Amino acid sequence: AASGYRRAIVTDSKSDSETDSIIRIAARGDGVTADGRHFPLTAPGDWIRPDGSVAFGVHHAQPPCIHFPACGGCQLQHLDEESYADFVTARVTGALAGQGVTPGAVLPPHISPPMTRRRASLRAARAGKRVTIGFAEEGSHRLIDLQMCAVLDPRLFALVAPLRALLAAILPDKRAAHVKMSLVDQGVDLLLEGVRVEGLAADEALGDFARAQALARLTIDEGDGPQTRWEPEAATVSFGGAAVGFPPFAFLQATPDGEAALVAAVRAAMPETGPVADLFCGLGTFALALGDARPVYAAEAARDVILRLKVAAGRAQRRLAADHRDLFRRPLTPAELDRFAAVILDPPRAGAREQVLQLAASNVPLIAYVSCNPASFARDAAHLTAAGYRLESVKPVGQFRWSTHVELVGIFRK
């Protein structure tokens, strides 16, 4: 695919027709001409010749990874910095425009640097003595065997080669496994799913691997649930100076700088005083980052996650009430919400329609909505603005560099 892409590129004289120029990048990553035609792997300023080949414009960048564009981990390495930042912003503003919502301000996007991704889920497959580890090819189940990666933190990528040797011993032939890695306070937390550890030699290989790679934790799942095989000290992640116990491959913002950008946008909007509710709080990314100066109510549906947050908040002596609550089935009501000076939302990709409808009927003065899906965010924003909230600002965040995945913070005021 990569060689075919390069053969299709020519760089001689430009077409006279402006309708043949790429003017923007669509949500799924294709370049779009003024007359609405879509062309993959094109950048703004590229143009399409009569024979269908592509001529580079000034915004077409040399992809930094040898696996692009075949690897499904990245879709936009051919864009320069300016065009990628414009794409991240346009994903947010375009979704809002589609719902008839206009933000008061669109803040400059934050883009994570290369090689800063601190969590990843790779696939592994064994065929005879060969073990392949990587992301799936775009639009396919075929694995790209990673020889380099321009997005993963080097500490995660450093495990790929040693894992090939380990999986040759514990991954059955013609079987696939999942390799899930996260960077925690103590180092790399590794979860291997779909492996089979049989016999003393295989068991010893696990221990030797964990020691040699100085893992924070090694967990395996042979199909009957995760089993921790190595954890010298309890694995934790820290938010606002408080260390929280980390379940294997629990949710974590993709990059440290991306998390910091989201937290900064939320914290800057918070009122100086008054209690705050953090809904869909997870392990406490925002609840703990607010510090100990104010009371915080934190709600989350995952029992193991909310219990770990409760323990961490107690140890850090935070004024935090942790509530195990499914906000899809039992959202906070207007009477409950009106006790808070501000509400933070950080729902899954589907959005928070049930909770947003209750917020729309409330008198909460400020809502900070963190989203990983501009489309569901825009739908929820339409409910809030129809109920009298004003979308004061949006902050686009591109943590998943060179992908079409975009996050944001929207600030609503009553």
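Just so it is clear, the structure is predicted and the values come from calculations on it, not from any experiment.
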side-chain hydrogen bond (donor to acceptor under 3.5 Å, both in side chains): which pairs involve residues 246-274, sequence neighbours left out? H110-D257, S112-T255, S112-D257, R118-E259, Q253-Q399, T255-D257, T255-Q399

Test your reading of the model: is there a side-chain donor-acceptor pair from Y389 to the backbone of V364, 3.5 Å cut-off? yes

Under the side-chain contact (heavy atoms from CB on, under 4.5 Å) criterion, do V343 and L332 qualify, and how do the steps go? CA-CA 11 Å; V343 169; L332 269 68; over 6 Å; no

Side-chain touch L206/I170, heavy atoms, less than 4.5 angstrom: yes

With no hydrogens and no angle check, is any side-chain donor or acceptor of S83 less than 3.5 Å from a backbone partner on L79? no

N/O donor-acceptor pair under 3.5 Å between E231 side chain and A235 backbone: yes

Does some side-chain heavy atom of V151 sit less than 4.5 Å from a side-chain heavy atom of M115? no

Distance check, rounded to the nearest 0.5 Å: F209 atom CZ versus R229 atom CZ? 14.0 Å

Could you tell me whether the side chain of L408 reaches within less than 4.5 Å of the side chain of V397, counting heavy atoms only? no

NE2 on H178 to OG on S121, rounded to 0.5 Å: 6.5 Å

Please collect all salt bridge (Lys or Arg N to Asp or Glu O under 4.0 Å) contacts where either partner lies in residues 123-134, sequence neighbours excluded, each pair once. R130-D145

For I306 and A298, which heavy atoms make the closest approach, and how far apart are they? CD1-O, 3.9 Å

Could you work out, with ring-ring contact (aromatic ring centres under 6.0 Å, His included) as the rule, every residue matching F251, not counting sequence neighbours? none

Please lay out, stage by stage, how E193 and K180 fare under the test side-chain contact (heavy atoms from CB on, under 4.5 Å). CA-CA 8 Å; E193 296 177 338; K180 298 183 176 181; 3.3 Å; yes

Heavy-atom pair of closest approach, residues A360 and A387: O-CB, 3.3 Å

Applying side-chain hydrogen bond (donor to acceptor under 3.5 Å, both in side chains) as the test, list every pair that has at least one member in residues 332-354; sequence neighbours left out. R325-E336, T333-E336, R349-H405

Residues in side chain to side chain contact (heavy atoms under 4.5 Å, CB included) contact with V32, at least two apart in sequence or another chain: R24, A26, H38

Flag the pair R49 / V54 as yes when at least one side-chain heavy-atom distance between them is below 4.5 Å, and no otherwise. no

How long is the straight-line distance from CD1 of I48 back to OG1 of T42, given to the nearest 0.5 Å? 5.5 Å

Which pair of non-hydrogen atoms, one from L41 and one from H60, has the smallest distance, and what is that distance? O-CE1, 3.4 Å

Can you check whether P162 reaches Q213 side chain to side chain, under 4.5 Å on heavy atoms? yes

Looking at R28 and D30, is there a salt bridge between them, counting it only when a charged N and a carboxylate O are closer than 4.0 Å? no

Does the side-chain contact (heavy atoms from CB on, under 4.5 Å) test come out yes or no for L391 and I411, once each step is laid out? CA-CA 6 Å; L391 179 52; I411 305 300; 5.7 Å; no

Has the side chain of D221 got a donor or acceptor atom that lies under 3.5 Å from a matching backbone atom of G225? yes

Roughly how far apart are Q355 CD and L327 CG, rounded to 0.5 Å? 5.5 Å

Which residues satisfy the side chain to side chain donor-acceptor pair (under 3.5 Å) test with T236, sequence neighbours excluded? D185, Q186

By the side-chain hydrogen bond (donor to acceptor under 3.5 Å, both in side chains) test, which pairs, at least two apart or in different chains, include something from residues 278-297? Y297-D323

If you measure from CG on L384 to NZ on K414, what distance do you get to the nearest 0.5 Å? 8.5 Å

Does any pair with a residue in residues 342-370 pass ring pair (Phe, Tyr, Trp, His ring centres under 6.0 Å), and if so which ones, sequence neighbours excluded? Y369-F377

Run the side chain to side chain contact (heavy atoms under 4.5 Å, CB included) test against A125 and tell me which residues pass, sequence neighbours left out. L143

Report yes if some heavy atom in the side chain of V106 is under 4.5 Å from a heavy atom in the side chain of V92; otherwise report no. no

Has the side chain of W230 got a donor or acceptor atom that lies under 3.5 Å from a matching backbone atom of L215? yes

Spacing of CG belonging to L279 relative to CD1 belonging to I344, to within rounding of 0.5 Å: 8.5 Å

Please lay out, stage by stage, how L192 and V195 fare under the test side-chain contact (heavy atoms from CB on, under 4.5 Å). CA-CA 7 Å; L192 301 176; V195 297; 4.1 Å; yes

Closest non-hydrogen atom pair between V263 and A289, with its separation: CG1-CB, 3.6 Å

Less than 6.0 angstrom from the centroid, inside 45 degrees of the normal: does R119 satisfy that with respect to the ring of F249? yes

Just jot down the side chain to side chain donor-acceptor pair (under 3.5 Å) partners of R196, sequence neighbours excluded, or say none. none

Check: L146 and H67 side chains under 4.5 Å, non-hydrogen atoms: yes

Of all heavy-atom pairs linking L283 and G245, the shortest is CD2-O, 3.7 Å

Closer than 4.0 angstrom, basic N to acidic O: yes or no for R37 and D35? yes

Would you call S21 and T33 a side-chain contact if the rule is heavy atoms closer than 4.5 Å? no

Applied to residues 79-89, the salt bridge (Lys or Arg N to Asp or Glu O under 4.0 Å) test, sequence neighbours excluded, yields E81-R401

Please check if the side chain of Q77 supplies one atom and the backbone of C65 the other of a donor-acceptor pair under 3.5 Å. yes

Judged by atom type as modelled, is there a donor-acceptor pair below 3.5 Å linking the side chain of R413 to the main-chain atoms of E392? no

Using every non-hydrogen atom in the two residues, find where L171 and G194 come nearest and quote the distance to one decimal. CD1-O, 3.8 Å

Enumerate the residue pairs fulfilling side-chain hydrogen bond (donor to acceptor under 3.5 Å, both in side chains) with a member in residues 370-379, sequence neighbours excluded, ordered by first and then second residue. none

